[in-house]
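In what follows, every chain begins at residue 1, and chains take the letters A, B, ... in the order their sequences are listed. Only this structure's heavy atoms are used, side chains among them; waters, hydrogens and symmetry mates stay out. What you see is a predicted model, and the numbers here were worked out from it, not measured in a lab.
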Amino acid sequence: MTTVLRSLVFCICISLLLPLTVGAQAVEKYSLKGYIKDGSSGETLIGATIYISETGDGATSNEYGFYSITLPPGQYTAEYAYLGFNSTVKKIDLSNSVTLDIELSEEATALDEVVITAEPEDENVTKVEMSVNKLDISTIKKMPSLLGEVEIIRSIQLLPGVSTVGEGATGFNVRGGSIDQNLVLLDEAPVYNSSHLFGFFSVFNPDAVKDVKLIKGGIPARYGGRLSSILDVRMKEGNNKQLTVNGGVGLIFSRLSVEAPIVKDKSSFIIAGRRSYIDILAKPFLSDDLGDTGLSFYDLTLKTNYKFSDKDRLFLSGYLGRDRFSFGAAAGFNWGNATSTLRWNHLFSERLFANLTLFYSNYDYQISFGEDAFDRFDWDAKIINYSAKPEFTWFLNPQNLIKFGGQVIVYEFQPGNAVGVSEGISADIGLDNNYAIESGLFIENEQELGSSLSMQYGLRLSHFNYTGAGDAFEIGEAPAGQRRPVIDTTSFGQWESIQTYLNLEPRLALKYQLNGSSSLKASYNRTTQYIQLVSNTTASTPVDIWTPATNNIQPLLADQIALGYFKNFRDNTYEFSSEVYVKKIQNIVDYIDGADLLLNATLEADLLDGENRAYGLELMLKKNKGDFSGWVSYTLARTENRIEGINNDEWYPTRFDQTHNLSITAFYELNDKWSLSGNFAYVTGTPTTFPTSRYEIQGYVVPYNANGTRNNVRIPDYHRLDFGATRKGKEIPGRKWYGEWVFSVYNVYSRRNAFSIFFSPTEGTSGPLVQTQANRLSVVGNFIPSVSYNFKFN
Amino acid sequence: MRYSIYLFACLTLLLSQGCEDRIEVTLDEAPALVTVDAWIAEIPSDWEVKLSASQAYFDSTRVQGLDEAVVTITTSTGNVYDMMPTDDSGTYSVEEDTNSFNEPVGTTYDLEILLNGITYTASTTKFPVPEIDSIQQELRIDDPFADDGIYCNFFANDLPGLGNTYWIKTFKNGEYLDDPVELNIAFDAAFGPGAEVDGLVFIQPVQELNNPVDENFAPIPWEVDEEIRVEIHSISNEAFFFLEVLRDELLNSNNGIFATPAANTPTNIISSDGSAVIGFFNVASVSSFTDTIRPQ
């Protein structure tokens, strides 16, 4: 591996130098630059394209809607395009550098209009990036959903390579990676728990989301910190043309968002909130004992921006969400995320775009029990981080797009503050905080080498410093699978380094254009992950804590290779993609049987380490145009762990391994009033561990797996069909109100899909003759109809 | 930690009510393993070792006792006790009047079992226990977790020194409260290692777990004139860990979508031929406190 690494580094250095020398020799050139925006709301468009007919050169707008293309002086025809928008053609006289902000208008009936240029529609074939799925928020909104709530995380689970351990489980698994291997970003701030109500709903308010992008492989060097994927969620900036109010009334949430200009064309804001009323609805069904039970969740998303000049723009965004359960006045449990991001876009020159991001992110939970101050138990935990992230985009020439920058993240882990008070005597059973600093430097280049070959290559250098204040443990040896002894403890002062790690992460992606409609792509990436979620339950719980790499916990390292074939046909009406991938992960952790994961100061002694391997084939056929659209996605995959002390040290499938995963999503525009949608999912049952035997000790009848196997059987296959229908309101010119009704049926044929199989004594039997049985747990046991109403006012 | 699991169980129940049903599954076959149930305590009724064979999980016939073994316990004080079969159920015991079986704290006990040509051995130490000061009875009204009625809390202080482990048993009118939820174990004054609560009064979740509970984990109030007896048994750290895994396995079925992977209980029994064996050997000191429930 080191040889491969060295040659890669060499290649990258050479390639980076190459464009610089070319640049130095070139004749004088000028830049065409600006922002590409949605004409109706002023929102910038991410990934819009500009295409110069005369030269065949092109560029794409970045995450802030900015584009820049450098050309020799001359007359040009520039075509600006974005899917679902009318393209615009501009004549450009490039005798000097030109700044041109473009506003594109939404297509009236987006799906059956003739599109002027085909450029943006085949970007899945022409762009160098692979293993990337973008979901338009308008597409997500059209999908049938559980209880009528538009759901981002559940929607991406219908994409190839994405799976979940079961219905209602938090998070998602990408290409065999666990849920903590996904970097979930909301306006660049990481979100540590992306779910409300465990995993039923995600924390993202669809009214405030502009763009969702999932990167599963070929991860560019600018992203770091997680192994398996990046889910990049970008929030809307707020309509800077006019006041717009969006809202909805559903069975679970009510939503309201307001967006408006503050200073026209300079500043705007969006504020969006949701609150559940499950507590109010559930009240009549709760027994008297639980009458005081409160169960609610809410989130609030806020964003504002200010354009100081053509060169400087500032964005401030924030998210605050909480789930709350209370049991009378005495006890409660709540958890939530808070994030805030401040970003400053600055144009140093026509070709150098810079963004500085500062963010704060916090995930915490609190649990309390007890009658009064003399008898109670209070417990909370947190992960807090602060980060600074400067990034530069250098539009060197049409053939080279260079990005470079860095990031520093300061972590504070509070793995558990807990105090038990008995009769006024207080016992602190909390854990010490942990601290760490993660930093990274990156450089990457997207380069076109001739007309057929393009590549994106980069390097990321990451560093992790696990620091005090705190105790570092030296852990001894024990037989495989057993708790290891703590031999020695050393105390460290604040910010005193306990352990450091340095890793070089090469990233490479290649595209070879076979012809106008098909391409071959390949990618390799190494990713490093320095923090992980400590969890050994089937679905992750809100009380799971994040832990840093320490002197005993090694950082996770992953290497992934992916190959793909991409083809569009019938004038880009259909998109087909096929990819194969192989991923290997080192240093994954698992836990000894009976490990204490919470409030355990010496958790490290309960950890086992091992490796993971994942491989698979992903196929996707998508129809983009016409009244009938949608996609079919199929994944054939395997993900396995080998951990000393588990499954007799043999490879075993992970709990979320799914051999076959098929999903079909379809949309049909019936007429002006009605649009229909449907989902079908079929997934191989996930593996689980069944006992073989039972034994009796001290009167307890206990299950036992005498073969010592892990995940030795699979639960029954999962399949489900959902339908949705939207009755659209009439859009009458001059009328400010627009409303639509959304109907959906989830799990149409009422299949009781197993989430898990568990074993228990049969009710009414006890003692030595107790009968034992297997039970199926279904999270959704019936079909679930729903209706919701959405409105827009402007 | 235990509380959070009950909490999730409640919530999962709330979310998925009516979505559990019995199904038929096929399990892998496995050999029957020798099971050693050797929890000796300073109470004559606990001077027993039971030997049995594990059976297929769905086999609900009476457990098969292994009654052809030779069972001996040797102490570091130099005594050798022959445990004799009491009947054909696989139970081995010493005479009830063998008072010297209760050796002082700190004594090492070695168990040896000879069965079908294989020798099974285990060794443990007898640790001390703290006295129970009192059992507090209180009337609780409008508690969201419990019906109105009388509930008890026992009061005792963990012994000084880190790493004392206890099994706290509660008896209602002489009947051991044997629901897995009622299985109450403590590591120092709290419920797990690593917490610095040495020498303190047992913390709230521990001292409260001496109330009976129903199938929904809700505590059941005591009735006036009922007898409550609380016993603290000293156990080794390994025995604590054994009981912790045992309890987790028995309660895991309540955890719904938050279940942990099935785990096997550890053992301190070693077989001479390296074959797998199940069970545990512990010798406990015992302190106890008995009270009668009074009107509050």
Side-chain angles (χ1 to χ4, degrees), chain A residues 166 168-169 292 327-328 330-331 333 367 369 375 377 420 422 425 427 429 536-539 541 543 593-594 596 598-602 689-700 702-707 710 712 755-760 768-769 771-779 781, chain B residues 1 3-4 7-8 16 18-23 25 27-31 33 35 37 39 52 54-58 60 62-63 143-145 178 180 189-190 192-195 197 200-201 203-205 207 241 244-246 248-250 253 256-265 276 278-279:
Chain A
D292 289 334
F327 303 88
F333 173 27
I367 296 171
F369 289 94
D375 277 294
F377 183 66
S422 308
I425 303 165
I429 55 167
N536 70 344
T537 50
T538 314
T541 79
V543 298
D593 281 353
D596 274 320
L598 297 169
L599 297 180
N600 180 0
T602 54
T689 310
F690 280 3
T692 58
S693 321
R694 59 184 238 183
Y695 69 81
E696 195 183 314
I697 275 186
Q698 294 290 290
Y700 296 107
V702 187
Y704 197 84
N705 183 325
N707 300 330
R710 170 75 65 94
N712 55 337
F755 183 97
S756 60
I757 305 288
F758 65 90
F759 296 84
S760 68
L769 292 176
Q771 285 179 27
T772 36
Q773 66 179 53
N775 311 280
R776 171 178 60 188
L777 170 70
S778 315
V779 171
Chain B
M1 186 177 85
Y3 268 87
S4 66
L7 200 92
F8 291 137
S16 61
C19 299
E20 285 178 16
D21 36 18
R22 183 174 184 164
I23 56 160
V25 296
L27 303 178
D28 291 346
E29 289 193 3
L33 301 182
T35 305
D37 180 0
W39 295 78
S52 58
S54 68
Q55 58 204 54
Y57 183 75
F58 291 129
S60 57
R62 190 172 289 278
V63 70
D143 184 324
F145 291 105
D178 65 351
V197 285
L200 298 174
V201 65
I203 71 163
Q204 230 238 354
Q207 62 163 225
F241 191 47
E244 197 178 31
V245 177
L246 179 143
D248 285 352
E249 284 316 288
L250 293 174
S253 61
I257 67 170
F258 303 123
T260 52
N264 283 339
T265 45
I278 301 173

Most contacts with chain B, counted as non-hydrogen pairs under 4.5 angstrom, among A/S760, A/G168, A/G420: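 Counting heavy-atom pairs under 4.5 Å, the top option is A/S760.
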Residue selection (most heavy-atom pairs with chain B, distance under 4.5 Å) from A/N775, A/T772, A/T537, A/T692: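 Ranked by contacts with chain B, first place is A/T772.
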With B/D37 via side chain to side chain contact (heavy atoms under 4.5 Å, CB included) - residues at least two apart: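 With neighbours one apart ignored, the set is A/I697, A/Q698, B/W39, B/K50.
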Region of B/F58 that comes under 4.5 Å of a non-hydrogen atom in chain A: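 Both parts, backbone and side chain.
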Segment of B/L33 engaging chain A (4.5 angstrom heavy-atom cut-off):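 B/L33 touches chain A through side-chain heavy atoms alone.
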A/D593 side-chain N/O to B/A262 backbone N/O, donor-acceptor pair under 3.5 Å: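 Here the side-chain-to-backbone pair does not exist.
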Keeping the roles fixed (side chain from A/T538, backbone from B/A259), state whether a donor-acceptor pair exists under 3.5 Å.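 It does hold such a pair.
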What heavy-atom pair brings [X] and [Y] nearest, and what distance separates the two atoms?
X: A/A706; Y: B/A30; value: CB-CB, 3.6 Å
X: A/V779; Y: B/I257; value: CG2-CG2, 3.6 Å
X: A/N707; Y: B/E29; value: ND2-O, 3.2 Å
X: A/F758; Y: B/E20; value: CZ-OE1, 3.5 Å
X: A/G594; Y: B/V245; value: CA-CG2, 3.7 Å

When rounded to the nearest 0.5 angstrom, what is the spacing between [atom1] in [X] and [atom2] in [Y]?
X: B/D21; Y: A/S778; atom1: CG; atom2: OG; value: 5.5 Å
X: B/L27; Y: A/N712; atom1: CG; atom2: CG; value: 9.0 Å
X: B/D178; Y: A/Y700; atom1: CG; atom2: OH; value: 6.0 Å

For chain A, the option from B/V201, B/T260, B/L246 that forms the most heavy-atom pairs under 4.5 Å: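 The option with the most such pairs is B/T260.
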Quick one: does B/N264's side chain get under 4.5 Å of A/P703's, heavy atoms only?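 They are not in contact (no side-chain heavy atoms under 4.5 Å apart), so the answer is no.
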A/V543/B/F258 under side chain to side chain contact (heavy atoms under 4.5 Å, CB included): CA gap, chis, key distance, verdict: CA-CA 11 Å; A/V543 298; B/F258 303 123; over 6 Å; no
Ignoring hydrogens and geometry beyond distance, is a side-chain donor-acceptor pair present between A/Y704 and B/T35 at under 3.5 Å?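 No.
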Identify, with sequence neighbours excluded, every residue that meets side chain to side chain donor-acceptor pair (under 3.5 Å) alongside A/T689.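 By the side chain to side chain donor-acceptor pair (under 3.5 Å) rule, A/T689 matches A/N711.
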